[in-house]
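Let me begin by presenting the structure, written as structure tokens, before commenting on it.
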Amino acid sequence: MDINDFQGIESSFLDYKISLEAEKPKSWLKSVSAFANTKGGHILFGVTDRTHEAIGLDDAQKAGSKIAEIISARISPKVNYTINTFPGAKEGRLCLVLSIYPGPHYPYYYVHEHTRECYVRRGDRSEPATTLEVNALILKGINQTYDALPTSYKLDDISFTLLGASLKQETGESFNLLQDAVSLGLTTPNGEVTNAGLLLCDQGVLRHSRVVCTHWKGKEKGEIDGDALDDQEFFGTSLIMLLNNAEAFIRNNSKNPWTIRGMRREEKSDYPFKAVREVLVNALIHRDYQNIGAEVHVDMYDDRMEISSPGGMMNGSCIQDLDLKTVPSMRRNEIISDIFGRLHYMDRRGSGIRRIINSYTHYENKTSFYSNEYFFLVSLPNRGIASRIKHTTGKTQLTTGKTQLTTGKTQLTTGKTQLTTEKTQLTTEKTQLTTEKTQLTAEKTQLEVLRADIRQKTEKIFRPVTVDKIIKLLSTYENKYSFNRQIVAKQFEISENAASRILKKAMDCGIVRKEKKGVYYFK
């Protein structure tokens with residue numbers, strides 16, 4: 001073993017110490033705690049931090065004994081580690097490698113006098129764990145997941161009608177509440193409802209289990225005034241219904257929604273159903289439900305959709321740093337994951353990420369993944385505007401030498417072709433009137449014409465209050481964003497049947513056009 005053996009290891013798993021600080025050991029004991037609480041790592045003693053030069057220690061054997069003594073006294077519970085030597089750059093001097101292995105008795109604390117501090121690894125730094133991280137480590141240490149924890153609720157307090165019907169439909173077997181609740185992990189043998197039971201019950205007792213959906217104008221939040229085309233917040237119901245509601249929102253706010261043809265879904269849509277289902281399911285079952293102040297978000301933009309959920313990768317890594325083809329399948333909530341697998345909402349073989357990626361095989365724009373210690377985000381490109389991959393061959397391309405004229409023959413010199421700025425241009429101050437005072441933008445002018453046209457065509461067909469609502473809808477969607485009857489029903493505070501009648505009248509009087517089933521635009 002020598003210093004070169006550590007060159008291929010990521011900095012997240014390495015720390016360097018030029019010497020052993022026996023009197024102030026916290027500087028390296030933090031890393032012992034952090035490595036044990038995450039994915040393990042190595043501390044190299046006798047190696048410089050910046051240049052990683054192996055200068056060696058004065059007495060490696062003595063230093064090794066002192067390291068073991070300090071770890072035994074200051075790290076609790078006892079951590080699993082090894083100490084080995086490797087040669088330094090100078091003859092006769094040795095370096096030490098302290099290798100710390102993760103778990104299984106989480107969490108591991110640095111103990112000093114009357115304080116206990118828990119650390120985790122973030123990048124190449126060892127930092128104090130948050131309360132949520134400590135709680136997650138405690139559950140991990142007792143081989144327990146959040147969704148398996150018992151609560152104060154009893155079976156008489158809740159119901160599982162939707163879950164029972166869904167299991168019947170998918171498995172063909174009837175759901176016996178008293179027998180199956182325990183075997184599925186919805187209740188304990190003592191009759192206490194678990195957190196999984198509260199998440200899957202009809203009442204949706206855990207209020208922080210919610211999905212916030214927003215359809216934004218433009219490509220960023222706040223990019224355009226009045227930028228929310230549609231927004232809905234779903235909570236107070238089963239995870240199954242949250243999934244269905246989120247899927248319905250995405251479908252209703254897609255210009256080209258997925259449709260059902262026979263027994264299959266038509267995939268000529270803005271967003272592939274399989275990818276959407278996979279991302280939403282992962283967001284619901286793998287989110288950190290201990291984080292009460294956060295929720296799943298679905299944000300739709302002109303060019304993409306972003307779905308984010310609280311809680312990063314369970315092993316502390318960042319997905320953007322990993323090979324997506326080899327990301328391990330890890331479950332934060334075992335019971336919920338198992339039930340969603342039984343319902344065929346997810347694949348138990350851990351092939352979800354591959355399925356998401358494959359949905360964009362024929363497109364230049366690809367799905368992107370990002371995570372940190374706090375949240376996980378997936379961005380799905382809008383296939384309706386994404387560029388398809390074009391396959392070119394050597395026969396269809398002309399060489400640059402034959403297709404371009406030389407610069408010297410095709411361009412006139414700047415001095416001969418351009419008039420001086422002083423003589424040919426009028427100053428901006430004298431030639432342009434300010435936009436605010438003298439010009440309406442083309443969009444505003446067009447909207448003003450549309451408003452006047454709508455009022456003229458609808459004054460004898462709709463009540464004044466309905467006309468005002470139509471004008472408000474126009475201000476939001478203009479004539480370049482699509483809407484549907486669900487959106488009209490929500491904004492007008494009427495039923496969907498009533499919204500359909502209004503849309504039919506609007507088409508009859510020529511202010512709205514129907515591009516295809518369920519997709520409407522202002523003319």
Could you check whether K26 pairs with E117 (Lys NZ or Arg NE/NH1/NH2 to Asp/Glu carboxylate O, under 4.0 Å)?
yes

Hits for salt bridge (Lys or Arg N to Asp or Glu O under 4.0 Å) against R93, two or more places apart or cross-chain, chain-then-number order -> D58

K24/E21 ion pair, N-O < 4.0 Å
no

Applying salt bridge (Lys or Arg N to Asp or Glu O under 4.0 Å) as the test, list every pair that has at least one member in residues 80-92; sequence neighbours left out.
none

My understanding is that only residues two or more places apart in sequence, or in another chain, count here; which of them pass ring pair (Phe, Tyr, Trp, His ring centres under 6.0 Å) with Y146?
none

Atom CG of residue position N190 - does it have more than 12 heavy atoms of other residues, nucleotides or ligands inside 6.0 Å?
yes

Kindly confirm or rule out a cation-pi arrangement of R304 over Y301, judged by NZ or CZ under 6.0 Å from the six-membered ring centre and within 45° of its axis?
yes

Find out whether the Lys NZ or Arg CZ of R251 is both under 6.0 angstrom from the six-membered ring centre of F249 and within 45° of the ring's axis.
no

Taking only residues two or more places apart in sequence or in another chain, which ones pass ring pair (Phe, Tyr, Trp, His ring centres under 6.0 Å) with H286?
none

Less than 4.0 Å between a side-chain N and a carboxylate O, is that true for R121 and E373?
no

Donor-acceptor pair, side chain of S99 and main chain of T82, under 3.5 angstrom
no

Please, which pairs that meet side chain to side chain donor-acceptor pair (under 3.5 Å) have at least one residue in residues 32-41, sequence neighbours excluded?
S33-N37

Those residues at least two apart in sequence (or on a different chain) that pass side-chain hydrogen bond (donor to acceptor under 3.5 Å, both in side chains) with E295 are H297

